[in-house]
Amino acid sequence: MTSPNPAWWTSAVVYQVYPRSFADSDGDGIGDLPGVRSKLDHLADLGVDVLWLSPVYRSPQDDNGYDISDYRDIDPAFGTLADFDGLLADAHARGIKIVMDLVVNHTSDEHPWFVESRSSTVSPKRDWYWWRDTREGPAGPEPTDWESYFSGPTWEHDPTTDQWYLHLFSRKQPDLNWENPEVRAAVHEMMGWWLDRGVDGFRMDVINMISKDVGPDDALRDGTDGFLFGPRLHEFLAEMHREVFAGRDADLITVGEMPGVTVEQARLVTDPARAELDMVFQFEHVGLDHDGDKWHARPLRLTDLKASFGRWQAGLADVGWNSLYWDNHDQPRAVSRFGDDSPAHRRDAATCLATLLHGHRGTPYVYQGEELGMANSTWGSIRDFRDIETLNHFAEATAAGADPDDVLATLRPASRDNARTPVQWDDTEHAGFTTGTPWIAVNPDHVEWNAAAQRDDPHSVLAHHRSLIALRHASRTVQLGDFEMLLPDHEDVYAYTRSLDGETLLVVCNVSGTPYALAELLPEAVGAELVLGNREHLPDHDDAVLGPWDARVLRLT
Ligand code: NOJ
C-alpha cells in the first residue's frame with residue numbers, strides 16, 4: 001500500500017562517514033570535521049541526501065568515539081563545535097542533511113555522570129548505571145553470567161565501593177540505567193540541544209539494548225534474553241518520540257541500530273501510528289555467512305539471502321520501513337565478502353551488489369568508500385589492527401591456548417578494521433587521506449582504486465552509484481513499488497520485480513562469475529528496455545546472456 005504523502009526519506013539515500021578514516025585536514029593522521037567539510041562536494045556529486053556522522057563527541061576513543069565523555073562537545077581530535085556548525089551549514093547549503101550518531105546505551109567511564117556514580121553507593125547518580133553486589137554464580141563472582149560483545153564478562157569490579165558495574169561493550173563503556181527517569185530526561189534534553197543546533201536526526205547505537213532485565217538469574221548465559229528488546233523498550237522509544245521529536249519529526253530521520261531484531265519487532269518499532277522510530281538496522285543478512293560466530297565464516301548461500309531479504313520486504317510492506325545496507329564501520333567490505341575482489345571481477349561485483357541492494361524497497365545506506373569499490377585490506381600481524389573488538393578477541397583466544405596464526409587467519413577477513421582503512425581519494429602515498437602518518441594503514445590497492453581515478457570515468461563504481469541514487473530519486477516505482485522475489489531457489493541469480501501504478505521494473509543480478517542464458521531464466525527480460533546496467537558497455541556484453549556479475553534494471557511494462 002502506498003500512502004499519498006510518503007515521508008521524505010522514502011526517496012532518500014544516506015551516506016555514512018566514519019570521521020576518523022574519512023579525511024584528515026591537519027596532518028595528525030586522524031580524520032576530522034574540517035576534512036569532512038572539504039569533501040562535501042564528493043557527496044553532493046554522488047547525490048546523497050543525508051550524511052550520517054559516526055560519533056565526533058568528546059571521547060577517550062576506547063571504541064573510536066562510541067565511548068562518549070561529553071555529549072555536548074566535539075573531541076579535539078575531530079575539531080570544535082565551530083567546525084561542526086560550519087560543516088552543518090555547508091552541508092545544508094548543498095541540500096544534505098546531517099544525522100548524528102546517538103550513543104546512549106552507555107557512556108564512557110570518563111563521563112562525569114559515571115565518575116560521580118562510581119564515587120560512592122550513596123551518590124545521587126549511583127542509580128544512573130547498573131551496580132550489583134558480588135554473586136558467587138556458577139561461572140564466577142560476576143552478578144550475571146553474561147558475556148560482553150568485546151570478550152570477557154559484562155561486569156567490572158570497582159574497588160571504590162566493592163560493587164560491579166555492567167558494560168555490554170568494553171569496560172570503559174558502562175551501561176546507563178534507563179529505568180531511572182533522570183537518565184531518560186538527561187538524554188532527551190541532550191537530543192533537543194542537537195536538534196536546536198540544526199541536526200536532522202539520529203542513528204541510534206544499539207538502541208534495542210536500553211531496556212534490560214538484569215537478573216539475578218542464574219539461568220542466563222549469553223545474556224541476550226536480558227538486554228535485547230527488554231520489557232520497556234517500546235515504552236522508552238515512544239517516550240523519546242513524545243519528548244524529543246513530537247511536532248518536529250516530519251523533517252527528521254531516525255534509525256535504530258538493533259542487533260537481533262525480528263521482522264515482527266521491526267514492524268512495531270517502525271509503524272508510524274506507534275510513533276517510535278522511522279526505520280531500523282537489522283542484522284539478519286550480515287549473519288548469513290557466519291558459522292556460529294562472526295570470527296568463523298562460511299560462504300553465503302544466495303537462497304538464504306533471498307529468503308531473508310524477501311521476508312523483510314514482505315514483513316514491512318504495508319506498515320513500517322526497511323533500511324538497506326551491506327557495509328558500515330562494523331562490517332567487512334561487501335565486495336570482498338559477498339562479491340569478488342579479484343582484478344577481473346571487482347568493478348562488476350561491486351556494481352552488481354550495489355544494484356541488488358538499491359533496487360529494494362527501503363532507504364539505502366552507502367558507507368564511505370563503498371561507492372569506490374573499496375575492499376578488505378591486507379593484514380600482516382596483530383600489530384596492524386586497531387579495533388578493540390579485534391584485539392580483545394585475539395588476546396582472549398590466544399590466552400585460552402589457540403594458535404595465534406589460526407586466530408589471525410580468522411581476523412583478517414572478519415575484523416571491523418577492514419571498514420576503517422582510510423578513504424582512498426587518490427593514488428598518492430597515503431591515498432590523499434592525510435599528509436601525516438595515518439592512524440591505521442591505507443589499503444595498498446589505493447594506487448588503483450581511488451576517487452580521483454573514478455570521478456570522470458562513466459563506467460566506474462562511483463558513476464554506477466551516482467546512477468543508482470539518481471534512479472531512486474527519479475522513480476516512484478523504486479521508492480515505493482511493491483516487491484516480488486523471483487527465482488527463490490536459484491543459487492546464483494538474484495531477481496525481483498518492483499511494481500507501481502502500471503509500471504513494473506525487473507532487477508536481475510548475476511551474483512557469480514558463471515554466465516546464464518537470460519531466456520531460460522526470465523524470458524520476460526529478453527528484449528525489455530534497459531533502465532540501468534553495469535556491463536552493457538563491455539565488448540563481451542550480450543543482451544541475451546547474463547554475464548559474470550551482470551546486473552540490470554529492466555522495464556517490463
Ligand atoms: C555498535 C556500533 O556500531 C559499534 O561500532 C560499537 O562498537 C558498539 N555499538 C558499541 O557502541
Side-chain angles (χ1 to χ4, degrees), residues 14-22 31 52-71 75 78 99-111 114 129-130 146-152 154 156 165-176 178 187 202-210 212 223-224 227-229 254-261 277 279-283 285-287 293-295 323 325-333 365 367-368 370 385-393 411 414-421 439-440:
V14 182
Y15 185 94
Q16 182 190 355
V17 166
Y18 193 68
R20 209 179 170 77
S21 305
F22 192 68
W52 149 28
L53 205 54
S54 274
V56 288
Y57 312 92
R58 193 176 277 273
S59 158
Q61 303 290 324
D62 187 54
D63 185 18
N64 290 357
Y66 282 91
D67 50 314
I68 295 166
S69 55
D70 186 346
Y71 287 107
D75 195 84
F78 298 130
V99 160
M100 294 299 272
D101 217 306
L102 181 80
V103 189
V104 289
N105 173 68
H106 43 269
T107 66
S108 164
D109 65 340
E110 297 181 34
H111 193 291
F114 187 74
Y129 294 83
W130 295 95
W146 301 356
E147 197 187 337
S148 156
Y149 283 100
F150 292 165
S151 304
T154 57
E156 181 73 6
Y165 65 85
L166 178 71
H167 61 90
L168 297 183
F169 294 89
S170 98
R171 60 170 66 89
K172 285 185 69 61
Q173 293 167 296
D175 280 53
L176 281 165
W178 277 65
V187 168
F202 297 97
R203 173 270 184 187
M204 304 182 184
D205 193 67
V206 292
I207 202 70
N208 63 330
M209 301 187 191
I210 57 176
K212 300 178 173 80
T224 48
F227 58 79
L228 292 186
F229 266 87
T254 58
V255 50
E257 187 204 26
M258 297 199 167
V261 64
L277 300 178
M279 62 193 92
V280 305
F281 289 130
Q282 55 96 2
F283 283 72
H285 63 300
V286 288
D293 64 34
K294 67 175 282 176
W295 307 114
S323 55
Y325 73 94
W326 290 124
D327 281 349
N328 63 37
H329 63 292
D330 293 331
Q331 302 292 333
R333 293 284 181 178
Y365 287 70
Y367 176 65
Q368 63 183 38
E370 186 176 5
F385 292 95
R386 299 286 177 275
D387 168 36
I388 183 170
E389 181 191 50
T390 306
L391 298 176
N392 284 3
H393 175 69
L411 296 184
S415 172
R416 306 195 295 182
D417 280 337
N418 284 300
R420 300 174 181 188
T421 59
W439 70 277
I440 189 168

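In this text, all values refer to a predicted model and were calculated from it rather than measured experimentally. Every heavy atom of this structure was used, including side-chain atoms; hydrogens, water molecules and symmetry mates were not. Both ligands and their constituent atoms are indexed starting at 1 by order of listing.
- Ring-centre distance between Tyr66 and His329: below the 6.0 Å cut-off.
- Aromatic pair Tyr325/Phe281: ring centres closer than 6.0 Å.
- At a 4.0 Å heavy-atom cut-off, ligand 1 does not touch Phe281 at all.
- If you check the side chains of Arg203 and Gln16, you find no donor sitting under 3.5 Å from an acceptor.
- Heavy-atom distances between Arg203 and ligand 1 reach below 4.0 Å in at least one pair.
- Considering only non-hydrogen protein atoms, atom 7 (O) of ligand 1 sits nearest to Asp63 OD2, 2.5 Å.
- Side-chain contact annotation: Gln61 with Asp67, donor-acceptor N/O pair under 3.5 Å absent.
- Residues Asp205 and Asn105 have side chains that never bring a donor and an acceptor to within less than 3.5 angstrom of each other.
- Of the protein's heavy atoms, Phe169 CE2, 3.7 Å lies nearest to atom 8 (C) of ligand 1.
- Applying the 4.0 Å criterion to heavy atoms of Arg416 picks out, from ligand 1, the atoms 4 (C), 5 (O), 6 (C), 7 (O).
- Listed by number with element, the atoms of ligand 1 under 4.0 angstrom from any heavy atom of Asp330 are 1 (C), 2 (C), 3 (O), 4 (C), 5 (O).
- Below 4.0 Å from some heavy atom of His106 lie the following atoms of ligand 1, by number and element: 10 (C), 11 (O).
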What verdict does the salt bridge (Lys or Arg N to Asp or Glu O under 4.0 Å) test give for Lys294 and Glu389, after you've listed the backbone C-alpha separation in whole Å, the side-chain angles of each residue and the deciding distance to 0.1 Å?
CA-CA 11 Å; Lys294 67 175 282 176; Glu389 181 191 50; 2.7 Å; yes
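- Here the protein heavy atom with the shortest distance to atom 11 (O) of ligand 1 is Asp205 OD2, 2.7 Å.
- Taking the six-membered ring where the residue is Trp, Tyr365 and Trp52 present perpendicular rings, their angle passing 60° and hence far from 30°.
- Under a 4.0 angstrom heavy-atom cut-off, Phe150 registers as being in contact with ligand 1.
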